[in-house]
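Below you'll find the structure I mean.
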Number of protein chains: 2
Amino acid sequence: MNTQANTAQQIIEIALGLMIERGYNAFSYADISERMEIRKASIHYHFPNKSDLGRSVVAHYRTMAQQGLNQIDQITSDPREKFTLYIEQFYRQMREAKFFCLCTLLAAELPTLPECVRDEIQGYFREHTAWFATLLASGQAQGVFTFGGDPTIKAQSVLAAIQGAMIAARAYQDPEHFRTIALQVCSDVQT
Amino acid sequence: MNTQANTAQQIIEIALGLMIERGYNAFSYADISERMEIRKASIHYHFPNKSDLGRSVVAHYRTMAQQGLNQIDQITSDPREKFTLYIEQFYRQMREAKFFCLCTLLAAELPTLPECVRDEIQGYFREHTAWFATLLASGQAQGVFTFGGDPTIKAQSVLAAIQGAMIAARAYQDPEHFRTIALQVCSDVQT
DNA sequence: GTCTATAGCCCGATAGAC
DNA sequence: GTCTATCGGGCTATAGAC
């Protein structure tokens with residue numbers, strides 16, 4: 001009874017790796033087939049068409065990312081530490097597994113994506129903006145963060161800087177580039 | 001004698017629009033053929049293979065962007081105005097022509113790009129980082145910008161934030177989103 | 001320089017046996 | 001659930017006439 005669930009889950013995880021590396025348009029059912037013991041046609045049993053698979057992969061990624069945020073919230077209540085943990089979490093994954101934020105990468109090719117995939121990406125952006133807005137507001141209240149203007153707009157610019165740093169790290173093929181920029185952004189909001 | 005040059009140039013400009021919309025992997029010779037009066041095979045006369053075309057398009061974009069920077073440098077010497085002009089230039093193009101920074105978008109799919117295209121993209125990142133570093137250092141010297149740390153690192157984080165804002169605007173399909181975030185970044189460095 | 005025609009490949013997706 | 005076989009179509013690229 002869990003055979004199907006495990007296979008579907010394994011397909012999603014392989015596809016996630018491929019999408020992070022190549023984006024949505026440049027990975028194929030054949031690529032998945034090569035990386036696990038399954039034929040192309042069998043993948044269609046679990047995900048009838050590519051947009052189903054794409055949506056499932058992004059939804060899975062969103063859930064994982066949400067768990068990452070929850071984990072940070074449980075580890076510490078210090079806004080500065082939370083900010084640093086967010087950065088270090090990405091940095092570690094980039095070094096260890098050439099991991100990048102899937103939704104940042106997919107947003108770049110958004111006009112070519114099926115609508116159901118686009119919706120998942122927008123959801124990710126909203127969730128992470130909201131998390132940073134809460135983080136920044138609480139840091140401001142505690143007096144450890146200083147910044148002008150609305151915390152929500154500031155949250156958008158912080159998220160943008162982090163995601164832009166990830167793009168730059170990909171351009172230079174150097175995770176250190178991400179870490180340097182992101183930590184600069186983190187120190188910029190501190191008193 | 002200028003027939004070939006004009007055709008090649010026209011192909012580059014059509015391809016630029018397509019690459020901004022869809023990225024490198026999701027546009028084709030057939031797409032170009034549909035948008036101008038030329039057959040697929042004839043495009044190969046001007047650009048023997050797709051990586052030649054891709055490299056030429058990004059090189060053309062780099063030149064255009066460099067001219068944009070020169071133009072800003074001629075209009076004003078006030079660092080704050082320069083920063084604002086940089087943002088407004090992108091914003092206007094995004095509104096009028098659904099324009100995005102080609103190199104930001106292509107950096108996201110970098111691992112799938114031919115090496116000659118990658119090199120052009122890295123060149124763009126270096127040029128714009130250098131321009132911002134000069135801008136920030138001069139603003140700091142004039143006392144109109146305040147920020148901690150090295151101007152080059154700060155330049156990287158500013159560029160990252162602007163590029164990240166562009167990605168977010170694409171995710172939300174809303175140019176205003178870009179403008180709001182980018183102007184926040186601009187005001188953050190001011191005294 | 002541009003064309004028609006086509007080679008050769010990969011893609012997503014389906015049919016039907018097991 | 002997984003397989004083999006295959007369809008129909010899009011892709012980059014080439015050959016060769018004009």
Side-chain angles (χ1 to χ4, degrees), chain A residues 1-58 106 109-118 120, chain B residues 1-58 106 109-118 120:
Chain A
M1 80 178 239
N2 62 0
T3 310
Q4 175 183 346
N6 283 345
T7 304
Q9 194 57 32
Q10 198 184 343
I11 291 167
I12 284 176
E13 272 153 28
I14 300 282
L16 173 61
L18 286 163
M19 284 174 69
I20 286 174
E21 187 194 338
R22 312 183 193 176
Y24 180 79
N25 293 295
F27 93 95
S28 71
Y29 280 56
D31 294 328
I32 298 170
S33 178
E34 275 171 22
R35 296 197 181 189
M36 60 182 279
E37 302 236 317
I38 199 169
R39 301 293 101 202
K40 280 197 304 169
S42 310
I43 302 171
H44 284 280
Y45 170 81
H46 299 279
F47 303 97
N49 53 54
K50 199 182 175 182
S51 48
D52 292 325
L53 176 55
R55 186 185 42 73
S56 299
V57 170
V58 181
L106 291 188
E109 49 179 335
L110 196 99
T112 69
L113 300 181
E115 204 176 323
C116 61
V117 180
R118 279 189 229 175
E120 291 289 341
Chain B
M1 81 180 240
N2 61 0
T3 311
Q4 176 182 346
N6 284 344
T7 304
Q9 195 57 31
Q10 198 183 344
I11 291 167
I12 285 177
E13 271 153 29
I14 299 283
L16 173 61
L18 286 163
M19 283 173 70
I20 287 175
E21 187 193 338
R22 312 183 192 175
Y24 179 80
N25 293 296
F27 93 95
S28 71
Y29 280 55
D31 295 326
I32 298 170
S33 178
E34 276 172 22
R35 296 197 181 190
M36 60 181 280
E37 301 235 319
I38 200 169
R39 302 292 100 203
K40 283 193 298 170
S42 310
I43 303 171
H44 284 281
Y45 171 80
H46 299 279
F47 304 96
N49 53 55
K50 199 182 175 182
S51 48
D52 293 325
L53 176 54
R55 187 185 41 72
S56 299
V57 169
V58 181
L106 291 188
E109 49 179 334
L110 196 100
T112 69
L113 300 181
E115 203 177 323
C116 61
V117 180
R118 279 189 229 175
E120 292 288 340

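Chain letters run A, B, ... following the sequence lines, proteins first and then strands; every chain starts at 1.
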Exercise: identify the closest heavy-atom pair between Thr7(A) and His46(A):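 Result for this residue pair: CG2-NE2, 3.4 Å.
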Interatomic distance, Ser56(A) atom OG to Leu16(A) atom CG [nearest 0.5 angstrom]: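 Rounded to the nearest 0.5 Å, the OG-CG separation comes out at 12.0 Å.
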Spacing of Lys50(A) atom NZ relative to dC11(C) atom C1', expressed in whole Å: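 Taking atom C1' of dC11(C) as the reference, NZ of Lys50(A) is at 8 Å.
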Residue pair Glu13(A), Gln9(A): steps toward the side-chain contact (heavy atoms from CB on, under 4.5 Å) verdict: CA-CA 6 Å; Glu13(A) 272 153 28; Gln9(A) 194 57 32; 3.3 Å; yes
side-chain N/O Ser42(B) vs dC3(C) OP1/OP2, d < 4.0 Å: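 Affirmative; the distance criterion is met.
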Minimum-distance pair of heavy atoms, taken over all atoms of Pro114(A) and Tyr24(A):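 Nearest pair, atom of Pro114(A) first, then Tyr24(A): CG-OH, 3.5 Å.
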Sub-4.0 Å heavy-atom contacts from residues 28-39 of chain B onto DNA chain C, ordered by number: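 Within residues 28-39 of chain B, the residues near DNA chain C are Ile38(B), Arg39(B).
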Length of the line joining Ile11(A):CD1 and dT2(D):C1', which is rounded to integer Å: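 To the nearest whole Å, that distance equals 11 Å.
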CZ-CD distance between Arg22(B) and Glu109(B), expressed to the nearest 0.5 angstrom: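 Output value for this atom pair is 13.0 Å.
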Short side-chain N/O contact to dG1(D) OP1/OP2 from Tyr45(A), under 4.0 Å: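 Yes.
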Separation of atom CG in Asn25(A) from atom C1' in dG12(C), rounded to whole Å: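 These atoms are roughly 13 Å apart.
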Check ion pair Arg35(B)-Glu21(B) (N to O, under 4.0 angstrom):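 Yes.
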Touch class at under 4.0 angstrom, heavy-atom based, for Phe47(B) against every strand present: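 Phe47(B): no heavy atom of the nucleic acid under 4.0 Å.
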Donor-acceptor pair, side chain of Arg118(A) and main chain of Leu113(A), under 3.5 angstrom: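 Present.
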Interatomic spacing from CD1 in Ile12(A) to CG in Leu53(A) - rounded to 0.5 Å: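 CG of Leu53(A) is found 7.0 Å from CD1 of Ile12(A).
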Phosphate OP1/OP2 of dT2(D): any Thr7(A) side-chain N/O under 4.0 Å: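 True: Thr7(A) side-chain N/O within range (under 4.0 Å) of dT2(D) OP1/OP2.
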Nearest-Å distance for atom pair CG/C1', residues Asp52(B) and dT12(D):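 Rounded to the whole Å, the gap is 12 Å.
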Between protein and nucleotides 14-18 of chain D, what N or O pairs are separated by less than 3.5 Å?
none

Spatial distance of atom OG (Ser42(B)) from atom CD (Glu37(B)) [nearest 0.5 Å]: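 One gets 12.0 Å once the value is rounded to the nearest 0.5 Å.
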